[in-house]
Amino acid sequence: MNETHILQKAIDRWGEDAQTKMVLEEMSELQKEICKRWRGKDNRDAIAEETADVEIMLDQLKMMLGIQEEVQTYRKAKLERLQERLGELL
């Protein structure tokens, strides 16, 4: 079973509303772990785990909204802009 199929099965089982809420929940959990790191906790593994959760949920969100291509277009443009900014600073 491929990733897309697994993600679609999750959307089908729990519904778009629940999965959209889960995006927010997972982002919150990642935020919490980052805040713990700022306070000195060695939680690299927890951050890695929560990052994986967020990436999975963002992939589902892109599928639900049908915005995969748009996200790639914006991502490319933003990376190009970042590259330009970095060039100005060097």
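Computed from a predicted model, the values in this text were never measured in an experiment. We number each residue from 1, following the sequence as shown.
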Determine all donor-acceptor pairs shorter than 3.5 Å in which one atom belongs to a side chain in residues 67-75; sequence neighbours excluded.
| residue | atom | partner | partner atom | Å |
| --- | --- | --- | --- | --- |
| Thr73 | OG1 | Glu69 | O | 3.0 |

For this session: Applying side chain to side chain contact (heavy atoms under 4.5 Å, CB included), run through Leu61 and Met64 and close with a yes or a no.
Result: CA-CA 5 Å; Leu61 182 66; Met64 291 184 291; 4.2 Å; yes
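- Under the side chain to side chain donor-acceptor pair (under 3.5 Å) criterion, Lys62 pairs with Asp59, sequence neighbours left out.
- With a 4.5 Å cut-off on side-chain heavy atoms, Met27 and Leu24 count as touching.
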Under 3.5 Å, which donor-acceptor pairs link side chains of residues 4-15 to any protein atom two or more places apart or in another chain?
| residue | atom | partner | partner atom | Å |
| --- | --- | --- | --- | --- |
| Gln8 | NE2 | Asp12 | OD1 | 2.8 |

Atom pairs and distances, side-chain donor-acceptor, residues 41-57, under 3.5 Å, sequence neighbours left out:
| residue | atom | partner | partner atom | Å |
| --- | --- | --- | --- | --- |
| Asn43 | ND2 | Glu33 | O | 2.7 |
| Asn43 | ND2 | Glu33 | OE1 | 2.9 |
| Thr51 | OG1 | Ile47 | O | 2.7 |

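- Taking the side chain to side chain donor-acceptor pair (under 3.5 Å) definition, one finds that Glu26 meets it with nothing, sequence neighbours left out.
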